[in-house]
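Notes to accompany the following structure.
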Number of protein chains: 2
Amino acid sequence: MEAKETLKAHIGKLAVLTDEQFDYFFSHFKKQRFQKGQTIITRGDAVDCEYFVVSGCLKSFFVNDDLKMFILQFAMPNWWASDYNALYNQTKAAINVDCITDAEVLCLTSADREKLCKEVHNVEHFFRWRTNKGFVAAQKRLLSFMNNDAKYRYEELLKLYPELYNMVPKHLIAAYLGVSRETLSRLYHS
Amino acid sequence: MEAKETLKAHIGKLAVLTDEQFDYFFSHFKKQRFQKGQTIITRGDAVDCEYFVVSGCLKSFFVNDDLKMFILQFAMPNWWASDYNALYNQTKAAINVDCITDAEVLCLTSADREKLCKEVHNVEHFFRWRTNKGFVAAQKRLLSFMNNDAKYRYEELLKLYPELYNMVPKHLIAAYLGVSRETLSRLYHS
DNA sequence: TTTTAAATGTGATATAGGTCACGTAAACCG
DNA sequence: CGGTTTACGTGACCTATATCACATTTAAAA
């Protein structure tokens, strides 16, 4: 089974679970398929799941009062996505998550995550390290924001995730970089 | 003992440890005192500790090729500081940590953290949630960077940490906000 | 106290990037 | 297939913020 193997390999990079432990862990996930354009988390709604991406590409994004969109994350296969602020603090979603392409995800509720972390020490180990890495990545992006201009950040992003270039429209890349689509267009046409 | 109680209260907000577990946990920390201006982590050096701030204020910061400084974090009492990228990936420090004021910290090695996480499940729980909160905070700051101008971010920072206003010089606040000290000065003098 | 260094304020000017407006091209859909 | 939406390019102009230069005020050190 494709999704199960994908998750297993992913977990295996950060933690060691026995086959029985992994099967138990996996039994708490619900497989879901979404189509391009479908919304997974809507601002204002309650959030009780996080999503492991098996295939496709999601985006998590914030829309401000002027309807400008800012992309927090492109979630590719083997990434996790949710509104973590809402999920951890049990508040309503402040950001949205939707599908840039058709996608297959594995959904885990917050309650099940906590239950699994309590029951299986190595699951907690996994989630600790997953977030450790996310935290470091967020700090790096923050630093790049302060230090580098749009062109540099664009090239940095494409170097790190070349597949984005063909997978997502440029105006979404602009929304990730925090510049207008016009500015992004000018970066490589002049 | 002051430092011990401070750490105990801090841990207690996120995890439940018995007194014996906490004493064992605490026995791995080394108390250190630093003076204003002293460096704790130097770029280029190996990093094997993280620091819990008992009193005083640290900053973690990056200096780019043009000698411009960017502050990643002001570490106040009850916060943790290190170069987490270097610490987690066992690379040389890319950022510096030093003391804005005299400071008392509790130092924990990475090896001890991992040992403790393995030995005491609730310690791993604590560190998972500590990083969860750090991750959410980093994402919020990222969003604020993209969405808000310098003035808004300045007011946001002071609302969240009013004590910074008197504790740290303005050019450091500017380095945290990612603007020049001149721009920050103009924000509130015109 | 005197001396020196660090922090802050402010004008003049430069620039990256934003906004608005409009045109074209490509993708999607009935 | 034609029509409609979505993506993209580009000119003209605007704005927030950077940079440089220098004065002033405050804090640290001797």
Side-chain angles (χ1 to χ4, degrees), chain A residues 34-39 57 59 61-71 74 96 98-102 142-158 164-190, chain B residues 34-39 56-57 59 61-71 74 98-102 142-158 164-190:
Chain A
F34 292 99
Q35 290 189 310
K36 178 174 177 173
Q38 262 192 290
T39 294
C57 181
K59 67 176 191 284
F61 62 101
F62 174 76
V63 179
N64 75 5
D65 298 341
D66 305 333
L67 301 183
K68 244 171 86 171
M69 177 199 294
F70 301 97
I71 293 181
F74 293 115
N96 304 275
D98 69 16
C99 299
I100 295 178
T101 67
D102 290 357
L142 206 45
L143 212 49
S144 187
F145 243 93
M146 298 202 264
N147 195 17
N148 307 125
D149 64 12
K151 182 158 198 166
Y152 187 95
R153 298 202 308 277
Y154 177 59
E155 283 158 7
E156 188 179 52
L157 178 68
L158 287 188
L164 284 178
Y165 187 83
N166 296 311
M167 184 180 283
V168 320
K170 302 278 172 289
H171 72 272
L172 293 185
I173 292 184
Y176 179 91
L177 297 174
V179 297
S180 68
R181 57 166 203 87
E182 293 94 329
T183 294
L184 180 63
S185 172
R186 287 180 176 110
L187 288 184
Y188 49 94
H189 284 101
S190 44
Chain B
F34 293 99
Q35 289 189 310
K36 178 174 179 174
Q38 262 194 289
T39 294
C57 181
K59 67 176 191 282
F61 62 101
F62 174 77
V63 179
N64 75 6
D65 297 341
D66 304 332
L67 300 183
K68 243 170 88 171
M69 175 198 295
F70 301 97
I71 294 183
F74 293 115
D98 70 15
C99 299
I100 294 179
T101 68
D102 290 358
L142 205 46
L143 213 47
S144 187
F145 242 95
M146 298 203 263
N147 194 16
N148 305 126
D149 63 15
K151 182 157 200 169
Y152 187 96
R153 298 202 306 278
Y154 177 57
E155 284 159 5
E156 187 178 53
L157 178 68
L158 288 187
L164 284 177
Y165 187 83
N166 296 309
M167 184 180 283
V168 320
K170 302 281 172 288
H171 73 271
L172 293 185
I173 292 185
Y176 179 90
L177 296 175
V179 297
S180 68
R181 57 170 202 83
E182 294 95 330
T183 294
L184 180 64
S185 171
R186 287 177 176 112
L187 289 184
Y188 51 93
H189 284 101
S190 42

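In what follows, every chain begins at residue 1, and chains take the letters A, B, ... in the order their sequences are listed.
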D/dT10 C1' sits how many Å from A/His189 NE2, rounded? 10 Å
I need the minimum non-hydrogen distance between B/Phe74 and B/Lys59, along with the two atoms involved. CD2-CB, 4.3 Å
If I compare all heavy atoms of B/Phe70 with all of A/Leu143, which pair ends up nearest, and what's the gap? CB-CD1, 4.1 Å
Looking at D/dA18, I'd like to know if its phosphate oxygens (OP1 or OP2) sit under 4.0 Å from a side-chain N or O belonging to B/Thr183. yes
I need the B/Phe62 CZ to B/Ile71 CD1 distance, nearest 0.5 Å. 13.5 Å
Donor-acceptor pairs under 3.5 angstrom involving side-chain atoms of residues 172-182 of chain A: please list them, not counting sequence neighbours.
| residue | atom | partner | partner atom | Å |
| --- | --- | --- | --- | --- |
| A/Tyr176 | OH | A/Arg141 | NE | 3.4 |
| A/Ser180 | OG | A/Thr183 | N | 3.2 |
| A/Ser180 | OG | A/Thr183 | OG1 | 3.0 |

Can you name the residues that form a side-chain hydrogen bond (donor to acceptor under 3.5 Å, both in side chains) with B/Asn64, not counting sequence neighbours? A/Asn147
Could you list the residues that satisfy side chain to side chain contact (heavy atoms under 4.5 Å, CB included) with B/Asp102, not counting sequence neighbours? B/Gln35, B/Lys36
Are A/Tyr188 and D/dG9 close enough that a side-chain N or O sits under 4.0 Å from OP1 or OP2? yes
What residues, two or more places apart in sequence or in another chain, satisfy side-chain hydrogen bond (donor to acceptor under 3.5 Å, both in side chains) together with B/Glu155? none
Contact class for B/Gly37 (heavy atom, under 4.0 Å): base, sugar-phosphate, or nothing? nothing
To the nearest angstrom, how far is A/Lys170 atom NZ from D/dT10 atom C1'? 17 Å
Report yes or no: does B/Lys151 contribute a side-chain atom to a donor-acceptor pair with the main-chain N or O of B/Leu184 at less than 3.5 Å? no
With A/Asp149, which residues qualify under side-chain hydrogen bond (donor to acceptor under 3.5 Å, both in side chains), at least two apart? none
Using the test side-chain hydrogen bond (donor to acceptor under 3.5 Å, both in side chains), find all partners of B/Ser144 that sit at least two apart in sequence or belong to another chain. B/Asn148, B/Glu156
Expressed in angstrom and rounded to an integer, what is the separation of B/Leu187 atom CG from D/dA16 atom C1'? 10 Å
Heavy-atom pair with the smallest gap, counting every atom of A/Val168 and A/Cys57: CG1-SG, 4.4 Å
Nearest 0.5 Å, please: how far is CE in B/Met146 from NZ in A/Lys68? 10.5 Å
With B for base contact, S for sugar-phosphate-only contact and - for none (protein heavy atoms under 4.0 Å), nucleotides 20-28 of chain D reads BB------S
Length of the CD1-C1' vector between A/Ile100 and D/dA7, whole Å: 14 Å
Contact boundaries on DNA chain C for chain A, cut-off under 4.0 Å to non-hydrogen atoms: C/dG17 to C/dC28
Contacts of B/Tyr188 meeting ring-ring contact (aromatic ring centres under 6.0 Å, His included) (sequence neighbours excluded), chain-then-number -> B/Tyr154
Can you list, by residue number, the residues of residues 146-153 of chain A that have a non-hydrogen atom closer than 4.0 angstrom to DNA chain D? none
What bend angle does the helix from C/dT1-D/dA30 to C/dG30-D/dC1 show across its length, from five-pair end axes and to the nearest 10 degrees? 50°
What's the CG-P distance between A/Asn166 and D/dC8, to the nearest Å? 11 Å
